[in-house]
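Single-structure report; data block below.
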Number of protein chains: 2
Amino acid sequence: MLNFSISEENYIKTIFHLQQEEKNVTTNGLAAVLQTKPASITDMMKKLKQKKLVHYQPYRGFRLTNEGKKIALSIIRRHRLWEYFLSEKLKFSWDEVHAVAEDLEHVSNKKLVDKLDEFLGFPRFDPHGDPIPDSQGRILKNQQIPLSEMPLNKSAVVCNVSDQSSSMLELMDHNNIAIGTRVEVKKKFDFDHSLEIKLRQQNPFIISDMLAKKIFVKYGA
Amino acid sequence: MLNFSISEENYIKTIFHLQQEEKNVTTNGLAAVLQTKPASITDMMKKLKQKKLVHYQPYRGFRLTNEGKKIALSIIRRHRLWEYFLSEKLKFSWDEVHAVAEDLEHVSNKKLVDKLDEFLGFPRFDPHGDPIPDSQGRILKNQQIPLSEMPLNKSAVVCNVSDQSSSMLELMDHNNIAIGTRVEVKKKFDFDHSLEIKLRQQNPFIISDMLAKKIFVKYGA
DNA sequence: AAATAAGTTTAGGCAAATCTAAATTATGAA
DNA sequence: TTCATAATTTAGATTTGCCTAAACTTATTT
């Protein structure tokens, strides 16, 4: 596997995430996420197409090739292993790890990454609950469901948050919800789809549908 | 302290090391070490002068300003902390850590570096025996002497190796000499200044003057 | 089906970091 | 002191990644 620039890696990684949602990734869509201009996207797509990392026809959007996906997974592996390290070993709070890992993920020495994995005890989920690809790029699927889809009175644990904006994190923090928090849905309101939830040792309180859709939980654990 | 490009950081760090030896660093000298062309050095010196990181007059060589030295020390701090981490925690062999740390050192997040320092227990020497600057840029001086200058029959510990070429490392490895190895000089030969040395549980053997000048030891420890 | 709006690409430029080749400055030997 | 050589700088290109503005394609609306 060849070496890629930081810029190329950021494009590849972001396309990977975007194409989980939509069939094809669009120029404007990617530009918005990468905080850059559509023209820059087109330039890079030409380059990545030439390197056979994306399928791309002008005006038709793009997707990663299998080779592109492999590379994306190796970048995501690095990112999430560093997040785990920062959280578990350096005691960063879980909302700080992402930004720091954005830099560390571009150090692409394979031996470093594999030894880090070993040092951490081969964790398969990062502090946000996202799966960490193994050295072959394989990921375990954990069947997470959004809080909004939970049945009433069944206990589960928060394992993933699909929005890492600071406004989101602020709200989570204010409500004392974090990765690992045990939660139960007590009631659902038809009017605005808001939910009443209960955390351990706390009185129930109400959260919006919008928030509940972004908090993912897993039974057990 | 502002942010610098990877390229700028490599120039600053290398000038710092070179100016320990010589009064002024030269264009050709720096070009040789950085594996680049003299013209590139001149370009960068103009930029670093403008940023007040080097004293530079055309044709007269250059040195770091105090500000430049501060930045150099922070880069060296990162480099050596990562070396320590790689060696101590990830079990890299001591001749592998340098190359990997070359990449990690450019992640300049201050909180990351300070937390890493804390996680490692605030070590003050890296696996090569070089001092690690603290968060204020202060370094402990350890009085190392080259093996070639040791008195006879006095025991000391290898703590530094001033040449990290693979040919050097190969020779060290072949002779079972590593950082931390306890060593004693048994005899010095006037003819070619070669030395007979003895390691723990081994028969004495002879090494060249050239090698002995590059291996540094410290008493005690 | 044509017109318009939205999305995308092209063309041309800029800054960083590098290069080669030519010009300039310094140095030390005769 | 002058001159040849070595060291350094300048001038002009190149590559990467980004930009703006203009041109073009696609999709939508009437």
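Letters go in sequence order (proteins before strands), and every chain restarts at 1.
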Checklist outcome for this item: Residue set satisfying side-chain contact (heavy atoms from CB on, under 4.5 Å) with B:Lys110, at least two apart, ordered chain then number -> B:Asp114, B:Ser135
Checklist entry - Pairs in or reaching into residues 28-43 of chain B: which pass salt bridge (charged side-chain N to carboxylate O under 4.0 Å, His left out), with residues at least two apart or in two chains? => result none
Item to check | Residues that A:Pro38 engages under side-chain contact (heavy atoms from CB on, under 4.5 Å), provided they are two or more places apart | outcome: A:Thr27, A:Asn28, A:Ala31
Next on the checklist: Do A:Lys218 and A:Phe125 form a cation-pi contact, if we require the NZ or CZ to be under 6.0 Å from the six-membered ring centre and within 45 degrees of the ring's axis?
Outcome noted: yes
Checklist entry - Just how far, in rounded Å, is P of D:dT26 from CG of A:Asn24? => result 14 Å
Checklist outcome for this item: Within residues 3-18 of chain A, the residues having a heavy atom closer than 4.0 Å to DNA chain D are A:Ser5, A:Ser7, A:Tyr11
Checklist entry - Can we say A:Glu118 and B:Lys91 salt-bridge, meaning some charged N sits less than 4.0 Å from an Asp/Glu carboxylate O? => result no
Checklist outcome for this item: Separation of D:dT16 atom C1' from A:Met45 atom CE, nearest Å, is 15 Å
Item to check | Flag, side chain of B:Glu8 to backbone of B:Ser5, donor-acceptor distance under 3.5 Å | outcome: yes
Checklist entry - Base, backbone or nothing for each nucleotide of nucleotides 2-10 of chain D, written B, S, -, heavy atoms under 4.0 angstrom, 5' to 3'? => result -----SBBB
Next on the checklist: Output the rounded distance in Å from NZ (B:Lys37) to P (D:dT15).
Outcome noted: 17 Å
Checklist entry - Can you name the residues that form a salt bridge (Lys or Arg N to Asp or Glu O under 4.0 Å) with B:Arg78, not counting sequence neighbours? => result B:Glu9
Checklist entry - Could B:Lys70 and B:Glu67 be called an ion pair, given the rule that one side-chain N must be under 4.0 Å from one carboxylate O? => result yes
